Amino acid sequence: MAPRAGQRGLWSPLPGLLVVAAALSRPAAPCPFQCYCFGSPRLLLRCASGAELRQPPRDVPPDARNLTIVGANLTVLRAAAFAGGDEEATDGVRLPLLTALRLTHNNIEVVEDGAFDGLPSLAALDLSHNPLRALGARAFRGLPALRSLQLNHALARDGPGMLDALDAALAQLAELRLLGLAGNAMSRLPPAALRLPRLEQLDARGNALAGLGPDELRALERDGDLPRPRLLLADNPLSCGCTSRPLLAWLHNATERVPDARRLRCASPRALLDQPLMDLDEARLGCADGSANERGEEVDVAGPELEASYVFFGLVLALIGLIFLMVLYLNRRGIQRWMRNLREACRDQMEGYHYRYEQDADPRRAPAPAAPAGSRATSPGSGL
């Protein structure tokens, strides 16, 4: 039915508004190959690629907010790996809105200096489950907004060398809040991680920590209004000796800062194996005074009672040896006579063996061969 003359003003502006909206709307950027794009305007990308992907995709839309790459073979993250290859990028910034980057299970071995240049808004970075063997001292430069860094199960290959490289790289992350270092077989915590001024949580579960020394505990304290970080320490082989006394006292005074404090268990000594650390008192964490070196490692030093027992045991052995020598001296003639008789008995035995050998070897004593049976009948002396 045709509209009435009075309704013409209500319908005529609608086509014009649609044309203006279509003209002002920005066409969506294409999704990269082998990636999936979700959501708008907060664009989320997930690239679940195989071993053929050896570098980050170059055609990530500039309005991407969350990028996940899993199962690729990136191996090396070179400088500005996420900033190059876009003609429209200005000042090397290609992804100005990217806030979360997840690069787990990508066989990443090397992260060069400036690998994350061009990501000024990046707040969360996850490099877990990669066999890192080289980390540039300035690998995390240019990340002023980074708040969360996850390196779980990523640093176990090269041990102390990798730990020193991580210590240098972390020194540039003054705004970091969350740090994940679980499952890295670390025997000590990176000093730079403990000195991060705004750190709120440090995950150090599943490492090779024997404990925390006084210097490390002091580094966890903060002055003024800065937050005091929480610490996760479960599944570490704690040494429950005298060097654990500062840690035990700190745990009792700041239990809320170690959420898994009740899960901390002793791995040594054997008498305290698998005992909860929080259930022990300092009297059971025994070792002699001065038995820890400057690094907080226990040194086996015998106590006065043990030293006295060693001295007594040595004296007893010396006395037994002296008595034995005296017995030998007093019975020297009898021992000489016994040795002479033994020598003569051995000589007689050997002479008997020699005589029997000569008798057996004499050809004259060999038995005569038996005569054939037929020859006996034709013998001249048979009388037949």
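For clarity, every value in this text was computed on a predicted model and none was experimentally measured.
- Residue pairs meeting the salt bridge (charged side-chain N to carboxylate O under 4.0 Å, His left out) criterion with at least one partner in residues 345-355, sequence neighbours excluded, are absent.
- In this structure, L264 CG and N236 CG are separated by 8.0 Å, a value rounded to the nearest 0.5 Å.
- With salt bridges taken as basic N to acidic carboxylate O contacts below 4.0 Å, one links D164 and R188.
- When hydrophobic clusters are built by joining Ile, Leu, Val, Met, Phe, Trp and Tyr residues whose side-chain heavy atoms come closer than 4.5 Å, directly or via intermediates, I335 is grouped together with F324.
- Heavy-atom minimum distance, F82 versus P56: CE2-CB, 3.6 Å.
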List the steps, then state whether side-chain contact (heavy atoms from CB on, under 4.5 Å) holds for N106 with H129.
CA-CA 8 Å; N106 286 306; H129 298 280; over 6 Å; no
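- There is no path of hydrophobic side-chain contacts, each under 4.5 Å, that joins V110 to L103.
- For the pair I69/P57, a side-chain contact is recorded, criterion being any heavy-atom separation below 4.5 Å from C-beta on.
- Side-chain N or O atoms of R94 include one that pairs as donor or acceptor with a backbone N or O of R58 at under 3.5 Å.
- The side-chain heavy atoms of E216 and L194, taken from C-beta on, include a pair separated by under 4.5 Å.
- Between P227 and R198, the shortest heavy-atom distance links the atoms CG-O, 4.1 Å.
- Proximity of P259 to L232: side-chain heavy atoms (C-beta onward) are separated by under 4.5 Å at one or more points.
- With rounding to the nearest 0.5 Å, the separation of CZ in R333 from CZ in R337 is 9.5 Å.
- The only member of R222, Q201, E200 that meets side-chain contact (heavy atoms from CB on, under 4.5 Å) when paired with P229 is R222.
- Atom-to-atom distance recorded for Q336:CD and N331:CG is 11.0 Å, nearest 0.5 angstrom.
- The CG atom of L179 lies 5.5 Å from the CG atom of L149; values are rounded to the nearest 0.5 Å.
- For the pair D279 and R262, the salt-bridge criterion is met [side-chain N within less than 4.0 Å of a carboxylate O].
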Could you go through T99 and N66, starting from their C-alpha distance and side-chain angles, then the distance that decides it, and tell me whether this counts as side-chain contact (heavy atoms from CB on, under 4.5 Å)?
CA-CA 6 Å; T99 59; N66 189 316; 5.6 Å; no
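- Counting only distance, with no hydrogens or angles, the side chain of S121 and the backbone of L98 share no donor-acceptor pair below 3.5 Å.
- Side-chain atoms of D117 do not come within 3.5 Å of backbone N or O of A80 as any donor-acceptor pair.
- For N253 (side chain) and W250 (main-chain N/O), no donor-acceptor pair under 3.5 Å exists by modelled atom type.
- A donor-acceptor contact shorter than 3.5 Å is absent between the side chain of N107 and the backbone of T75.
- With rounding to the nearest 0.5 angstrom, the CZ atom of F140 is 8.0 Å from the CG atom of L146.
- Through side-chain heavy atoms spaced under 4.5 Å, either directly or across other Ile, Leu, Val, Met, Phe, Trp or Tyr residues, Y353 is tied to M350.
- Every residue meeting the side-chain hydrogen bond (donor to acceptor under 3.5 Å, both in side chains) condition with R257, not counting sequence neighbours, appears here in chain and number order: E221.
- Taking the charged nitrogens against the carboxylate oxygens, R245 and E282 have no contact shorter than 4.0 Å, which rules out a salt bridge.
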Can L101 and D126 be said to form a side-chain contact (heavy atoms from CB on, under 4.5 Å), step by step?
CA-CA 6 Å; L101 178 59; D126 192 349; over 6 Å; no
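- R270 contributes no side-chain N or O that, together with a main-chain N or O of S268, makes up a donor-acceptor pair within less than 3.5 Å.
- Checking side-chain atoms of D203 against main-chain N and O of L181 turns up no donor-acceptor pair under 3.5 Å.
- With T104 contributing its side chain and V70 its backbone, the two residues share no donor-acceptor pair below 3.5 Å.
- In this structure, P120 and L95 approach most closely via the heavy-atom pair CD-O, 4.3 Å.
- L151 and L166 get closest at one heavy-atom pair: CD1-CD1, 3.5 Å.
- There is no path of hydrophobic side-chain contacts, each under 4.5 Å, that joins V111 to V76.
- Counting heavy atoms from C-beta outward, R102 and Q150 have side chains that stay 4.5 Å or more apart.
- Looking only at distances, a side-chain donor or acceptor of N207 sits under 3.5 Å from a matching main-chain atom of N184.
- The 12-atom threshold is exceeded at CZ of R147, counting heavy atoms of other residues, nucleotides or ligands nearer than 6.0 Å.
- Between L233 and R205 there is no side-chain heavy-atom pair separated by less than 4.5 Å.
- By the 4.5 Å heavy-atom criterion applied to side chains, C240 and L277 are counted as neighbours.
- For L238 against L209, the heavy-atom pair with the smallest separation is CD2-O, 3.7 Å.
- Side chain of N152 to main chain of A154: no donor-acceptor pair is present (N/O by atom type, distance under 3.5 Å, no hydrogens or angles).
- Between R265 and Q275 the shortest side-chain heavy-atom distance does not fall below 4.5 Å.
- By the criterion of side-chain heavy atoms lying less than 4.5 angstrom apart, applied directly or through intervening Ile, Leu, Val, Met, Phe, Trp or Tyr residues, L163 is grouped together with L231 in one hydrophobic cluster.
- For the atom pair CG (L135) and CG (L77), the distance works out to 10.5 Å, reported to the nearest 0.5 Å.
- A salt bridge is absent between D113 and R141: the closest approach of a Lys/Arg side-chain nitrogen to an acidic carboxylate oxygen does not fall below 4.0 angstrom.
- Side chains of L285 and C242 form no contact here, defined as non-hydrogen atoms less than 4.5 Å apart.
- Between P237 and A208, the shortest heavy-atom distance links the atoms CD-CA, 3.8 Å.
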Carefully, step by step, assess L199 and R177 under the rule side-chain contact (heavy atoms from CB on, under 4.5 Å).
CA-CA 4 Å; L199 187 66; R177 304 293 199 275; 5.9 Å; no
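- No continuous path of hydrophobic side-chain contacts links L196 to L178 [ILVMFWY only; heavy atoms under 4.5 Å].
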